[in-house]
Structure formats: C-alpha cells, structure tokens
Amino acid sequence: MTTAEESDQVVQRRANLDELRKLGVNPYPHRFDLGESIEAVVGAHSSKTGEVLDAEAITTRTAGRILTIRTFGKANFLVLSDGKTRLQVYIRQDALSERDFKIFKLLDFGDWVGVEGRLFRTKTNELTIWASSLEFLAKCLLPLPEKWHGLTDVETRYRQRYLDLIVNPDSRRVFEVRSRVVSAIREFLTTRGFLEVETPMMQSIAGGALARPFTTHHNALDIPLYMRVAPELFLKRLTVGGIERVFEINRNFRNEGISTQHNPEFTMLEFYWAYADYRDLMTLSETLLADVAQKAIAADEVVYGDHTISLRPPFRRLSLREAARDAASRRLGESIDLEVLRSRDSAAALAGRLAVPIEPGMGAGKITAAIFEALCEGDLIQPTFVYDFPTEVSPLSKQKADDPDTVERFELYVAGFELANAFSELNDPVEQQHRFEEQLRQRAGGDEEAHAMDSDYIRALEFGMPPAAGEGIGIDRLVMLLTGSLSIRDVILFPLMRPK
RNA sequence: GGCCGGGUAGCUCAGUGGUAGAGCAGCGGACUUUUAAUCCGUGGGUCGCGGGUUCAAUCCCCGCCCCGGUCACCA
C-alpha cells in the first residue's frame, strides 16, 4: 500500500490546492458568513413546490462538505452535507463569476464550500440551490470512501469515526438518538426533583460494584488510584448528606473483557431516591424507559435483531429463584422444589446435573445466580424485572424483612441482556460492615471481583442514611436497544481498539 | 485466552504456484436540469508483517500483527 502522501489522488488534490492559491484564494479562510445550515434550509423549504419557490425567489446562503460532484461541462451539480442533511447545488457557468467557476473546477469531492443562491426545483423535482457565488472553505486532501458502497469496514469505521460519520448517515443518526436519550433522562429526573452531580472517577478504593478496576498512580501524592467501577458509594454518601434525590450520568471503567456488550469504559446512569424502595423503582423504571423511547425515537416498541420489543409498561416481573427453578425443572423434565436452591449442597448438586460450572467458594446464592444466568438470561427478550436476589451476590442491598438470605433487588433484562440493576439500599452500618467482611473473605479466597472494605463509607452510614432505593442503567445498552445496534461499539463514538 | 472467519487499488470486492483484476472514485476529453448521470480514452498495488519451501509465492508451510464472530468473565 502506498502511503497516503504519495498516492496519486493526494498529489492531484494538493495540485488543486496550489491552483487555488494561484487564483488568490485562501484555501483555509477563517470564517464564513453562514445564513443558515443545510438542515435549516431543507427544513424550511422541502415541502414547497417548484412554482412556490420560483414565486418566492428565496435566496439562501449555506455551507457544507461536498459529497458528490456531477459535471456536465457548463452545468454541474454538487451535493453538500452539513453532516446531517444533504442538499444539491446547481453550478451553472453563466450564473457564476469567472473566478468562482474556476474555483468550482478545482473542487474535489470532500472539500468544504459555502454557496449563495436561489432555491428551485430541478426537472426531477429535487430541491436545489442555483448558485450565484461560491466560497472555498477547506480542502480535503485525502480521498474519501466512495458514495455507493459507503464505508463498511468495521475496523475503519471505529478507528476513523469521522469517515463513518461523513459517509454513513445511519451512524450520525445513532449518535443523534444517543444525545436525545441522555437529554430525556436528565429532563425526566430533574423534573422529579433529582439533583445531578459528579463524583470522583479516580478513587483510592474502587467500590460500588463487583468488578476489576483499572489502576493508576498519582505522582505528587505518591498514592495508587483506581478508575471507578461505579459511583454508588459516593452517591449514597450524598444521601447521607441530605440530597434526597440525586443522580449522575458518567463513565465507569472496568478492566474486563471486550464484547458486543462490553466496552472497558461505558456510561452509566445511577440515581438514588430517599424514602423509596425497589418496588417504587420498578414503576419508575417503566415510566422512564417508555418516556425516553418516546422522546428519543418517538416509538413505544423497537425492532432488535429478530425481535420486536415492546416498551409499554407494565413490564413482566419474575422472581430470580423461581425463574432458575422453573428453567431447571424444564431442563431436567421434573418438578424441582425451591428449597433445593436454599442450601449449598443441594444447589451444587442441581448445578452439576444442569452442567452449570461452579467453584468451591460459591454458596447457595452464587450457585442460584449462576443457574439463572446460564439458563434464563438469554431468553429474556421482552423487558423483564428479575427480582429478589441472593444476599450472597448483593453486598450493598437491603435484605427482605422476612428473609435474610434474600435482598430487595432487581435487574431489568431486555433483548437478553442486563439493562438495569437496582435495589433497596442497605443503610445499616453494622450489617454493611459484616457484608464487607464477608467480601474480604471471598477476596482472600481468590475472588478478584469481591468488594473492598470502605471504612469511610461505613462511617457515613453511621451518621444515618435515610431509607432509599438506587438504580443503575447502562446508557450504552439503552442506546443499543433504541437504535437496533447489535454491538456496543456502534453506539460509542470511539470504542477502545488495540493501537496499530 | 480458546475456536472460527477475514486483511488484495482511495472505497466495495473477485482471483491465481508463472509480469495483479472488476465496479465506483481519480486523471484527460464530450455534454447547460443530473442524482450510482452517460459516452470515449487513461494512470494507479510492498496482495497485513516476517521467515521458510520452490527455478518462481499474493497463493503452499511456520510465526507474528490487526479486525470481526463466538465461548469464557462481566454491565
């Protein structure tokens, strides 16, 4: 492969740039007096007929990148894009000054130009600017992907997202939806009295989730630091501080595998709601998702892969133990008692019969969760709240009043993946201390994802945290769902790639 | 990390143990309402990188790099 600098097309483009300079054109001017964006022009006039346009004689002044050039000698067409909307420009020799027509002849596909002219419709009824002047705005020195096939190579699309955005309108659409999703969530929560905050992303104890952190180091303080795996413990400190409704939308970092559903840095919404419990959160979640879908894509159902998913409340609700028990019963063709999942030995035996791999340190709760994940998770296509988790896998959740082995927690599954995780918050400092100690035992037993001790968090709880419920929603996954994207990398502008 | 698939022109892709192909893009020409414009002519490649086998390797063999899918781990 020839280096870009040497290739023919680049030589040609540089030559055109030099020719512009010889004409006295500054190929990189400082500004352009933009009348309106292409999107605004099209938005305002796309419904008007040719007769109406001719009668109104609308002159417009806009700018964009040239996506195609069709030449016919003395009459030519450009297609300009403002990154979102496209508009055709008619370049007719007798309508332009000699200088502007010379500029036109030096244009390459990809260059940025500004035009001024009257709007009309061509014989084929396309809304078009009849250019009366042309301004050169910036040069595209490298050849762009071609117009017909576009850019399909996924590696290039992720590594050089700007190219993807230039030539693939669908890519731009995904990030428009993403922006609306985040705006809609902010609006939803702030109108309900939630305060948006930012908490540390660099933490000396990476807590709030069971995950492996990235490690780093602060030179001046000479201390190790971790990139956060969750904002949870800081947001709950804020509820201790009296911020009764609080949320954060920000990045989490987890030093784990990469897949179509996992990027090492990902965006989470976490919110905490004093005086509420996990049941209140189920209702709020349904309302929020339906509201966000309406605002972001104006729909109450989405097509995702082979499925049509309804986001109309209420969502299905399924107890985790019952789901695991039912799936195991179906798999083995016999009726299994829920009590089997309550003791370590019988649960382990069941896992063995189901060929679900377990490890020596796992108790009944972890085994039950493993059975659920292996047998049920992928089948939860329509939105489903899976509720009542084993205490063993939920070190920060509040136990059910009548069942200390179970916590008030749910996960929301859609399209076979986990979209949200929520629970009634454990606010008893003594119980929290015990849970951390149990996590330390698991860590000592080799579980690298077990939660670390956070004594300051215990102290905060000792000052009294109101009863509260909290929830995390994966923004990337929500955007995947709402845009039909099958890979998380399609909804993250610059996903992590191995350097070349 | 395991397994499977891929890496050839700017882009999308064929292809072969014997000097590397197409479409689009580019360049030259014709054309004053085209839209994948059309027509005529034409340039363009370290076939991912490194070794090996061979008279000869883009092709066969070995190693490596990058990407995708999948499994494992996780949200």
Side-chain angles (χ1 to χ4, degrees), chain A residues 1-4 6-13 15-16 50 67-79 86-96 101 108-110 120-128 130 140-160 163 166-168 208-212 229-230 252-270 357 359 369-370 373-374 377 411-414 417-421 447-449 472-478 480 486-489 495 497-500:
Chain A
M1 191 191 296
T2 326
T3 63
E6 293 165 340
S7 88
D8 255 22
Q9 298 197 38
V10 177
V11 168
Q12 182 59 42
R13 283 162 181 262
N16 286 342
L67 291 188
T68 60
I69 303 176
R70 289 186 287 273
T71 64
F72 295 84
K74 297 187 178 72
N76 310 273
F77 295 92
L78 301 179
V79 174
R86 297 175 177 192
L87 179 59
Q88 180 168 266
V89 178
Y90 184 43
I91 302 282
R92 206 175 137 121
Q93 186 167 17
D94 61 13
L96 288 176
F101 197 71
D108 287 299
F109 152 53
F120 76 111
R121 283 191 185 274
T122 62
K123 283 177 183 169
T124 51
N125 207 35
E126 173 132 358
L127 183 66
T128 304
W130 190 309
C140 177
L141 288 172
L142 303 179
L144 289 171
E146 61 136 320
K147 60 193 172 192
W148 182 240
H149 296 94
L151 179 66
T152 59
D153 180 74
V154 288
E155 183 172 356
T156 308
R157 287 185 48 228
Y158 298 153
R159 287 188 193 271
Q160 293 176 266
L163 293 180
I166 291 167
V167 302
N168 293 329
L210 307 180
R212 252 174 302 202
V229 296
N252 289 344
F253 308 86
R254 298 189 184 174
N255 204 343
E256 285 157 0
I258 294 175
S259 77
T260 50
Q261 288 171 33
H262 301 85
N263 194 63
E265 54 177 314
F266 62 101
T267 303
M268 271 280 265
L269 159 69
E270 278 201 19
E359 307 207 358
E373 283 165 20
E377 215 173 80
E411 288 183 347
L412 174 60
Y413 282 86
V414 187
F417 56 73
E418 182 189 334
L419 186 64
N421 179 23
D447 184 349
E448 290 182 62
E449 284 160 11
I473 296 179
I475 300 298
D476 311 276
R477 289 185 178 179
L478 177 55
M480 286 170 69
L486 298 179
S487 170
I488 198 170
R489 294 177 152 199
M497 303 286 279
R498 192 185 291 274
K500 266 200 149 167

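Fair warning: this is a prediction, and the values are worked out from it, not measured in the lab. Below, chain A is the first sequence line, B the second, and so on; all start at residue 1.
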Problem set entry | Contact nearer the 5' end of RNA chain B, comparing A/Lys123 with A/Ala420 |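 Closer to the 5' end of RNA chain B: A/Lys123.
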Exercise. Is the base of B/U32 touched by the side chain of A/Asp94 through a donor-acceptor pair closer than 3.5 angstrom?
Worked result: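 For A/Asp94, whose side chain was compared with the base of B/U32, there is a donor-acceptor pair (under 3.5 Å).
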Looking across every strand, which nucleic acid part, if any, lies under 4.0 Å from [X] by heavy atom: base, sugar-phosphate, or nothing?
X: A/Phe417; result: nothing
X: A/Gln93; result: nothing
X: A/Thr260; result: sugar-phosphate
X: A/Gly472; result: nothing
X: A/Arg477; result: base
X: A/Glu411; result: nothing
X: A/Asp447; result: nothing
X: A/Asp108; result: sugar-phosphate
X: A/Met497; result: sugar-phosphate
X: A/Glu126; result: base

Exercise. Under 3.5 Å, is there a donor-acceptor pair between the side chain of A/Asn76 and the main chain of A/Ile69?
Worked result: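 Not a single qualifying donor-acceptor pair exists.
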Span that lies between the [atom1] atom of [M] and that of [N], in whole angstrom:
N: B/G18; M: B/C60; atom1: P; value: 12 Å
N: B/C11; M: B/A36; atom1: C1'; value: 14 Å
N: B/C3; M: B/G17; atom1: P; value: 28 Å
N: B/A20; M: B/C59; atom1: C1'; value: 12 Å
N: B/A14; M: B/A22; atom1: C1'; value: 7 Å
N: B/G43; M: B/C49; atom1: C1'; value: 28 Å

Ignoring backbone atoms, establish whether [X] has a side-chain N or O less than 4.0 Å from OP1 or OP2 of [N].
X: A/Thr122; N: B/U34; value: no
X: A/Arg498; N: B/C65; value: no
X: A/Arg159; N: B/C67; value: yes

Between [N] ([atom2]) and [X] ([atom1]): distance, integer Å:
X: A/Tyr158; N: B/C66; atom1: OH; atom2: P; answer: 18 Å
X: A/Glu256; N: B/A75; atom1: CD; atom2: C1'; answer: 9 Å
X: A/Gln12; N: B/G43; atom1: CD; atom2: C1'; answer: 11 Å

Problem set entry | Stacking of A/Phe266 on B/A75 base (centres under 5.5 Å, planes under 30°) |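 Per 5.5 Å and 30° rule: yes, stacked.
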Exercise. Would you call A/Phe72 stacked on B/C31, i.e. ring centres under 5.5 Å apart with the planes less than 30° off parallel?
Worked result: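 No, A/Phe72 does not stack on the base of B/C31, since the centre distance and plane angle fail the 5.5 Å and 30° test.
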For this session: Counting Watson-Crick and G-U wobble pairs only, both distances under 3.5 Å, name the nucleotide matched with B/U16, or none.
Result: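 B/U16 is paired with nothing.
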Exercise. How are the rings of A/Phe72 and A/Phe77 set to each other: parallel, tilted or perpendicular (split at 30° and 60°)?
Worked result: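 It falls in the perpendicular class, over 60°.
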